[in-house]
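One structure is given here, and the rest of the page talks about it.
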Protein chains: 2
Amino acid sequence: MARTALEPTTVLHPHPVLLVGTFGADGKPNLMAAAWGGICCSDPPCVAVSLREATLTYHNILHAKAFTIGIPSRKHVAAADYVGIVSGRDHDKFRDTGLTPLRSAKVNAPLAAELPFSLECTLFQHHKLGLHTIFIGEIVGFQADEDILGPRGLPDIEKTQAVLWGGLGNNHYFGIGERLGRAFSIGKNPR
Amino acid sequence: MARTALEPTTVLHPHPVLLVGTFGADGKPNLMAAAWGGICCSDPPCVAVSLREATLTYHNILHAKAFTIGIPSRKHVAAADYVGIVSGRDHDKFRDTGLTPLRSAKVNAPLAAELPFSLECTLFQHHKLGLHTIFIGEIVGFQADEDILGPRGLPDIEKTQAVLWGGLGNNHYFGIGERLGRAFSIGKNPR
């Protein structure tokens with residue numbers, strides 16, 4: 001196999017599909033799709049998402065000091081893509097997708113009722129990196145459908161039917177594939 | 001469908017499997033697995049990874065001011081799991097897995113030659129969040145196998161055969177599933 005040096009690029013496999021719920025200063029609920037984020041601390045439990053200042057969500061988070069991160073299922077792929085295409089400045093993205101905004105009981109942000117689970121976050125830290133700012137939310141609430149929970153009472157990826165984004169090199173959404181092995185177990189024979 | 005409120009938990013679908021390459025102060029190459037990280041800025045191109053202070057990699061990054069993020073393929077799942085189980089303080093994880101350490105030409109860190117692609121990073125920012133600290137690397141180099149590149153010359157997730165971790169609610173590694181639709185396209189009909 002021949003190795004090659006590419007220009008530095010923002011590709012990593014896989015990217016999640018995160019739906020960020022926020023309220024505007026006018027109280028209007030908004031939803032946007034972001035691929036750059038994920039869990040970033042166990043204690044306190046935190047999740048990160050990176051946003052450009054050009055987005056409405058960037059300003060909504062700074063105003064409300066809160067957001068939600070919802071995880072779409074494969075049946076929500078078109079809705080997730082839509083909320084990543086248009087801006088909440090000129091679209092009511094909940095209405096257009098048919099997703100139902102619910103006010104979080106824990107934080108000043110909406111979540112989409114139909115998604116399998118949502119993390120409810122207060123703004124914990126944010127850091128300007130360059131074109132993107134990383135927003136770190138402390139997870140203070142967590143809502144899930146009962147029927148996607150596994151034996152440990154936590155969301156089970158085989159039940160949520162989660163999706164991922166292929167990234168700049170293969171611009172499709174994909175489902176989750178087959179099991180390859182148990183973590184903290186298959187590595188006992190590392191070769 | 002019945003919704004339920006769970007205790008705040010660090011679950012999100014999917015988690016990537018990131019192999020973090022560092023040099024110790026003694027020059028020894030190390031590799032660890034991390035699930036909490038991803039791309040976080042387009043300009044400058046940056047990638048984040050969260051680590052506990054208890055890990056050797058945490059100290060290696062602060063010393064060397066550099067790290068690599070390698071993406072495993074499904075054939076590397078056992079090796080990836082292994083480097084997440086044991087510590088580089090008492091194991092030579094490259095030797096144990098049979099992966100070959102290559103010194104990055106761009107940064108003061110090693111990468112595993114057999115992985116489909118690796119991001120080469122200099123330490124750009126780091127922020128203590130709690131038990132975890134988030135390390136943000138500026139991507140200054142990018143190495144890939146030529147045979148995993150797609151039409152745009154970037155790593156193609158269908159060729160890398162990337163893997164993901166199911167998370168706390170389903171502790172398995174999974175492959176990438178089937179295409180569900182094209183991004184920035186399928187959402188034009190959001191319902």
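First the proteins, then the strands, lettered A, B, ... as listed; each starts at 1.
In plain terms, the two heavy atoms of B/Pro44 and A/Gly130 that are nearest each other are CD-CA, 4.0 Å. The minimum heavy-atom distance between A/Gly84 and B/Phe184, with the atom names listed, is O-CE2, 4.2 Å. Closest of all the heavy-atom pairs between A/Pro45 and B/Pro8 is CG-CB, 4.2 Å. The two residues B/Phe174 and A/Gly177 have their closest heavy-atom pair at CD2-O, 3.5 Å. The shortest heavy-atom contact between B/Asp81 and A/Ser185 is OD2-N, 2.9 Å.
Counting heavy-atom neighbours within 6.0 Å of B/Arg103 CZ, excluding the residue itself, gives a total of 12 or less. Counted within 6.0 Å of NZ on A/Lys188, heavy atoms from surrounding residues, nucleotides or ligands total 12 or fewer; the atom is thus considered open.
When heavy atoms are compared at a cutoff of 4.5 Å, B/Asn189 approaches chain A solely by way of its backbone atoms N, CA, C and O. The parts of B/Arg182 that come within reach of chain A are both its backbone and its side chain, each placing non-hydrogen atoms under 4.5 angstrom from that chain. Interface remark: B/Ile176 contributes backbone and side-chain atoms alike to the contact with chain A (heavy atom separation under 4.5 Å). Heavy atoms closer than 4.5 Å to chain A are found in both the backbone and the side chain of B/Thr9. Heavy atoms of B/Leu149 lying under 4.5 Å from chain A belong exclusively to its side chain. Neither the backbone nor the side chain of B/Val86 comes within contact range of chain A; no heavy atoms are under 4.5 Å apart. With a 4.5 Å cut-off on non-hydrogen atoms, A/Leu6 touches chain B through its backbone and its side chain both. Both the backbone and the side chain of A/Val163 have a heavy atom closer than 4.5 Å to some heavy atom of chain B. Using a 4.5 Å cut-off between heavy atoms, A/Arg152 contacts chain B through its side chain alone, with no backbone atom that close. Only the side chain of B/Gln125 comes within less than 4.5 Å of a heavy atom in chain A; its backbone stays farther off. Using a 4.5 Å cut-off between heavy atoms, B/Val11 contacts chain A through both its backbone and its side chain. Heavy atoms closer than 4.5 Å to chain A are found in both the backbone and the side chain of B/Leu12. Using a 4.5 Å cut-off between heavy atoms, A/Thr4 touches chain B through backbone and side chain atoms alike. For chain A, the nearby part of B/Ile136 is the side chain; its heavy atoms alone come within less than 4.5 Å. In this structure, chain A has a heavy atom under 4.5 Å from the backbone of B/Glu7, while its side chain stays farther away. Only the side chain of B/Leu119 has a heavy atom closer than 4.5 Å to any heavy atom of chain A.
Ring orientation note: the planes of A/Phe117 and B/His13 are nearly perpendicular, at an angle over 60° on the 30°/60° scale.
Checked against A/His172 for a side-chain hydrogen bond (donor to acceptor under 3.5 Å, both in side chains), the options B/Glu158, B/Glu178, B/Arg179 give a single hit: B/Arg179.
Counting heavy-atom pairs closer than 4.5 Å to chain B, the top residue among A/Lys106, A/Lys93, A/His127, A/Lys159 is A/His127. No other option in B/Ile139, B/Val77, B/Leu129 has as many heavy-atom pairs under 4.5 Å with chain A as B/Leu129. In terms of heavy-atom pairs under 4.5 Å with chain B, the best-connected choice from A/Ala144, A/Ala5, A/Gly166 is A/Ala144. In terms of heavy-atom pairs under 4.5 angstrom with chain A, the leader among B/Leu154, B/Leu18, B/Ile157, B/Leu51 is B/Ile157. Between chain B and the residues A/Gly181, A/Gly150, A/Ala33, the most heavy-atom pairs under 4.5 angstrom are made by A/Gly181. Most heavy-atom pairs under 4.5 Å with chain A: of the set B/Tyr82, B/Phe124, B/Trp165, this distinction falls to B/Tyr82. The choice from A/Gly169, A/Ala162, A/Cys41 that makes the most heavy-atom pairs within less than 4.5 Å of chain B is A/Cys41. Note on B/Ile69, B/Val17, B/Thr133, B/Asp96: by heavy-atom pairs under 4.5 Å with chain A, the leading option is B/Asp96. Residue with the most contacts toward chain B among A/Val49, A/Ile71, A/Val47: A/Ile71 (heavy-atom pairs, distance under 4.5 Å).
Hydrophobic clustering (side-chain heavy atoms under 4.5 Å, transitive across Ile, Leu, Val, Met, Phe, Trp, Tyr) keeps A/Leu56 apart from A/Met32. Hydrophobic clustering (ILVMFWY, side-chain heavy atoms < 4.5 Å, transitive): A/Val20 and A/Leu164 are in distinct clusters. Note on B/Ile85: it clusters hydrophobically with B/Leu19, by side-chain heavy-atom contacts below 4.5 Å among ILVMFWY residues. Put simply, B/Leu168 and A/Phe142 are part of the same group of oily side chains (I, L, V, M, F, W, Y) that touch within less than 4.5 Å, one to the next. Linking Ile, Leu, Val, Met, Phe, Trp and Tyr residues whenever their side-chain heavy atoms come within less than 4.5 Å leaves A/Phe23 and A/Val107 in two separate clusters.
Annotation: the span from B/Asp156 atom CG to A/Asn171 atom CG amounts to 11.0 Å, rounded to 0.5 Å. Put simply, CD1 on A/Ile186 and OH on B/Tyr173 are 8.5 Å apart, with the number rounded to the nearest 0.5 Å. To the nearest 0.5 angstrom, B/Ile134 atom CD1 is 5.0 Å from A/Cys40 atom SG. Here CZ of B/Arg3 is found 6.0 Å from OG of A/Ser118. Values are rounded to the nearest 0.5 Å.
Side-chain contact between A/Arg191 and B/Thr97 is absent, with no heavy atoms from C-beta onward closer than 4.5 Å.
Between the B/His132 side chain and the A/Ser42 main chain, a donor and an acceptor come within less than 3.5 Å of each other.
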